[in-house]
Every structure is written in C-alpha cells, then in structure tokens.
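Residue numbers begin at 1 in each chain, while the letters A, B, ... track the order of the sequences. In this text, all values refer to a predicted model and were calculated from it rather than measured experimentally.
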2 protein chains.
Amino acid sequence: MQHLLSPKQVANAIGASESSLKRWCDQGLLTTVKTAGGHRRIPVQEALRFVREHNHAVVEPHILGMSATDDRKGRRIEGCAERLATALLTNNEQACQAIVFDLFLAGQPVSQIFDEVIAVAFRTIGEKWKCHEADIYEERCSCQIALRILHELRSKQTPPNSGLVALGATIEGDQYALPVTMSEIVLREVGWDARLLGSSIPFDSMANAIQQIEPRMLWLSISFISDESAFIAGFNRLFETASKTNTAVVVGGRALTTEIRARLHYSAFCDTMRHLEEFAKTLRRQAEIAPTKTRKPRKNA
Amino acid sequence: MQHLLSPKQVANAIGASESSLKRWCDQGLLTTVKTAGGHRRIPVQEALRFVREHNHAVVEPHILGMSATDDRKGRRIEGCAERLATALLTNNEQACQAIVFDLFLAGQPVSQIFDEVIAVAFRTIGEKWKCHEADIYEERCSCQIALRILHELRSKQTPPNSGLVALGATIEGDQYALPVTMSEIVLREVGWDARLLGSSIPFDSMANAIQQIEPRMLWLSISFISDESAFIAGFNRLFETASKTNTAVVVGGRALTTEIRARLHYSAFCDTMRHLEEFAKTLRRQAEIAPTKTRKPRKNA
DNA sequence: ACTGAAATGGACGTTTTGAATGTTTTTCAC
DNA sequence: GTGAAAAACATTCAAAACGTCCATTTCAGT
C-alpha cells in the first residue's frame, strides 16, 4: 500500500472528480506535497482527515487502506455496540473491522467510538461471561481482535509532530491492554505525542521513565489492583516524582472506586475516553501558551 | 553514517521513482557527485536541501536521517538484530519497521526474521536489562513496538482459506505475547488458519476451546511458569482432552527446561520458529491427505 | 418557479512521471 | 584477483497529471 496518492487516486477513492480534487487541494482544504515537477501528492492520512472532517463519502476504501466497509449502514453509532459484540464472539474479524472503520470514516470521534461501541461491546461480553454464556478464551480472543483493529486505526493517524510527550502504562499486575491502547490513540488524535510504555509496569520503572523522558503527561489506566495499600503508596510516591518534573498525572479505569480515589493524588480522573480527550485538549492549549517554564515570559504581538 | 546516497535510496526516501530522481539530477535540481564509472552519488545534506526547497514529502525519514541503513546492508540478515535492538531502545519505530519490512520484502522467510532478528534483538535487550543498562519500561516499550510491527506484518498476509484450524495461547500468568504472536504469523504463512486466543488463558478454558472449535493443532508458547507442579498437571490434563479430538499439541518457549519437558506429554516441541514452521508444514501435508477421519478413504486420480 | 452565484466535473494541449529494456559499473564471496 | 549477482546507467514511451477553460449542476434567496 502506498503512502502518497495522486489527486486522481483520491478522487476515485472518494467518488469525486479529479478536477474537484485539484481545486480542493489548491484551496487548501487538503494539504499536498509537491513533486519537483509540480505534481500534487496527497498523504493517505491527509486524505482520511479530509474525508472525516467533511464527512465525505468513500466509494473505494481499499485505496485509502481501509479494507472492508458496507457503506451507508454503519454510519450511525446506535446498534453498533451490539453488532460488534456479536462479531467479536463469532470471531468475525472482518465484520469487526468494518464496523469500527465505517464509524471512523463517517467522522465519528475516536473517543466516542471507544466509549460507546468498543467499551460497551466488551461490557456485554463481560456480562455474558459472568452468566456463563461466554468462555474466558472467547473474551481474550475478542481482545486480540480489538487490539489488532486499534493498531490498524493508530497507523491511520497523522504521526505526532508536537513536542508534547505523554507516557502511558498500566500498573504491575494489570494486563488489560485495551483501555490504555485506546487512550494512546485518543491522545494522538488531539495532537499529543503519546507513547505507550506497555502493560504491567512497576511504579519504580515509571518513575525512571518520567525522569529520563520528562513528559508533560502520564496517563494510567487501572483495570485491576492486586494489593490496594501497596498500590496507593506506590501511586502517591509516583505522583511526587511526577510533580517535580511538572508532569500531569491522569488516571482512569474501572478499578478506581470512589474510596480508592479519595486516597490518591492526581491531576485528573477521567471516566471515559471523551473526558480524557477534553482534558488533553485543555492541557495542550495551556502548554502551548507557555511552552516551557524556563522560557521568557512574554513576547511582543 | 553513510554520507553519499544512490538515486534509488533517495527515491525510496522521498517516495518518488528512480527515473524521476535521475531526471532531476540531470536537470541540476540536485547536485550530484559522480563515481569514476559515472554513477550518481547524492550527499545527504543535498537531498535534505532538495526536500526542503521543493516542499517534497519524506516517506522514509530514516534513510535521510541518522540510521545508516544502506539498503544493501538491509537485505542481508546479518547485523539486523543489533540494528533492531538499537532502534527499539531509542524508540525509533520507523527504523524498526524499515528493518523488518526490508527483510520481508527481500523474501526472507518470516520464521527466519523472527528467529534471527527479533528474538535475538530481545535477547540483547534482556541482557542489557540484567546489567542495569536498560530499564523495564524500555523493554516493555520495545515489546509494544514489536507487537505493532507484527500486527502490520500479519495484515499483509493472505487470509487463510484452508480448513486447517490451529489455536494458540499462553498459559495463565504468562504475559509474554511476542512469541505466541510470532507463531501465529508463521502458521498462517504456511497455510494454517491460526487463531490466537490470547495471553494468560487457563487450561480449563483452553479445553473448552478445543471441544468447541475442534482444531487440528493447539500451540502454546511458554515463557513463564508460576507453579511448576500445577502447570505439569494442568498441561497433561489438557493433552488428554486434545487427544480425544485428535488435536496435535505443540509447545515451545524458554520456560520449558529439559526436566520439565520430560514430565510433559505433547505432540511436538519446537525450539524455534523455523522448527514450528517445518512441523506445521508436515502436519498440514498429512492432514490434507486424510482431511477428516470420517471422510471417505480415497478418491480417483 | 425563477435567478444568479457557487460548485462541479469533463475536455483540451502540454508537461511530468514512472515502468521497461539492454548495457555498464559496482560489490561481494571465493 | 576473478566471476557472478546486484545495482546503476541511458533511453524510450505510454500513462498520468498539469493548468485552463467552459458547460452543467446545485442551491439559496427571491
């Protein structure tokens, strides 16, 4: 699959004429790069951004690297969660991909797809498991499928270029990779250079990462806590370290009950991906106004 | 670091064709140095100047950037492991991807790339961690990068169409997802419909999966054993279940010492991805001769 | 329903691109 | 050194993209 597309290719992909495409490029609706001879070249990510932003139709998704879509059906978010849960449990990866990608192409914010479709589907699967209607391996297999889809989605994002680094991780013993991977994508979507360290990272190692990388944000998705008091102590110690480098600490996850939260120090608690997105946007704007604390306080307009 | 680049390398780097590059050189848009035999050589800074001046795209920055990947070197498997380890530890995902995909596109078998490049790189990282030259988070972050590359590789494979189903998993408590994911790709490469259930699957759930799906193979990658005697008992029980549905059980992984293996029942033990590939090929051929035990015994040529 | 502004997409002659071909140079293993 | 494989060379040529012009369609406001 190629990374740079010609106006004609993009025109074919989205069902518009070549002339229109060229006009849109010249108007700046699509950012193009030029060859030495003056031919326009459109990066795929840019084409995807355009489609999502203008909710333009996509006639031939495969040109943009989006494999399967049955158009017009999956554009509304209602009912998608149920369909996804079914597709996941029947191991129908194609269908799962189509559901998520359709919503993505239709311009639904990724945070909303995550909150209202993927998270809901997994809640459904979790409940089936509790009622012995689904086995553990089915839930795990669904996670694998979802992870692959998330990775594919991630590869469709424009790579981050801001200097705003965020680190993400799950705590030691917490193996649930889905939420933390979703957070990474959400943060990248709003312009952060989000780097997922991985699952089950000890607090000490996180502290080392903070000191070495000096990120502006650390996000932790906490789905499972093995030892509550050790967790609280370790976490608050980590918060101390983070404060020294001016790193915001954002937490989320179903294991954080109100009681536990009451005993934690953190910069923000996010219930949903939507909340995370909004907090990240706010923090980003602030950081851009005052890029570094050692920078000179103001300059002339 | 390589100072002079060939037209082909620059063409690849900026996503243009070699022909165009040469034309641009001859038009004087790029200043070239010539070898005695008349081959064009482009200094890196000249290529960078060209890119900036013409607002040209850069598809593969690593060629113009720091990592000295002369693509002749890239095709050969020697030295790739070291370069990959470095790229992983410096968090240079682009470079990691380029190393693996160059080998893949050059026709190296995936099993060999896994055994001789990825596995070796992670062994290097593991040793650095033991010598306190690398932190846990760096190793985990490297795993994340590798996983993303594996998923990308998987998405490039032709989807399986044979009825030969294989199930894969790691045992409960074993969170090392890399080997089991590599196995999945290797099996798909040789025509199996390999389905990765996921990490940390209890033996009971695996048994359920076998009974419900009735695969022809179950492969387990065992990197970590928490309770040895429980493992041996659980595993041998699983082997019993598998025998009833005629499911071959293949094992591998660094946690399987000779002593432990002596107490296990299995169909095959595979040290490397190469071994797994060969065993899978053999088993596939056999299964195709006698597709199902209930099938009619022979048909006319 | 009518009108005019704005957007669309086809048509054109010209220029650029990139694949193919056969020859020469470079590289690397022996 | 030597020889074979890989890569770069020059050249050719069809396909594709360029800019421009213009007829058609769309749509909001009478």
Distance check needed: C:dG18 P versus B:Lys8 NZ, whole Å only. 15 Å
Ignoring the backbone of A:Ser17, work out which of C:dG18, C:dG10, D:dC9 is nearest its side chain. C:dG10
Ignoring the backbone of A:Ala16, work out which of C:dG9, D:dA8, D:dC18 is nearest its side chain. C:dG9
May I have the distance from A:Leu29 (atom CG) to C:dA7 (atom P), rounded to whole angstrom? 10 Å
Could you check whether the side chain of B:Arg23 and the base of C:dG18 have a donor-acceptor pair of N or O atoms closer than 3.5 Å, going by distance alone? yes
Does C:dG10 have OP1 or OP2 under 4.0 Å away from a side-chain N or O of A:Ser19? no
Nucleotide nearest B:Lys22 (side chain, heavy atoms from C-beta), chosen from D:dA10, D:dC18, C:dT17: D:dA10
Quick one: do B:Ser111 and B:Glu277 satisfy side-chain hydrogen bond (donor to acceptor under 3.5 Å, both in side chains)? Show the steps, please. CA-CA 7 Å; B:Ser111 56; B:Glu277 183 174 34; 2.6 Å; yes
Atom CD of B:Glu18 and atom P of C:dT21: how far apart are they, to the nearest Å? 15 Å
Given atom CG of A:Asp26 and atom C1' of D:dC21, what is their separation to the nearest angstrom? 15 Å
Taking OP1 and OP2 of C:dT16, is either one under 4.0 Å from a side-chain nitrogen or oxygen of B:Trp24? no
To the nearest angstrom, how far is A:Gln9 atom CD from D:dA15 atom C1'? 13 Å
A:Ile42 CD1 to D:dA17 C1': how many Å, rounded? 11 Å
Give a yes/no on whether any side-chain N or O of B:Arg40 is located under 4.0 angstrom from OP1 or OP2 of D:dA8. no
Residues B:Arg49, B:Glu46: salt bridge by 4.0 Å N-O rule: yes
Determine, for B:Tyr176 and B:Arg254, whether the Lys NZ or Arg CZ falls below 6.0 Å from the six-membered ring centre while staying within 45 degrees of the axis. yes
Using whole Å, what does the distance between atom P of nucleotide D:dA17 and atom CG of A:Leu21 come to? 11 Å
Report yes if a side-chain nitrogen or oxygen of B:Thr35 is closer than 4.0 Å to either non-bridging phosphate oxygen (OP1 or OP2) of D:dA8; otherwise report no. no
Determine: side-chain N/O of B:Ser20 to OP1/OP2 of C:dG18, distance under 4.0 Å, yes or no. yes
Whether the side chain of B:Arg261 engages the backbone of B:Leu256 through a donor-acceptor N/O pair (distance < 3.5 Å, no angle test) should be reported. yes
Spacing of B:Leu30 atom CG relative to D:dA8 atom C1', expressed in whole Å: 16 Å
Do B:Arg188 and B:Asp193 sit within salt-bridge range, that is, some charged N less than 4.0 Å from a carboxylate O? no
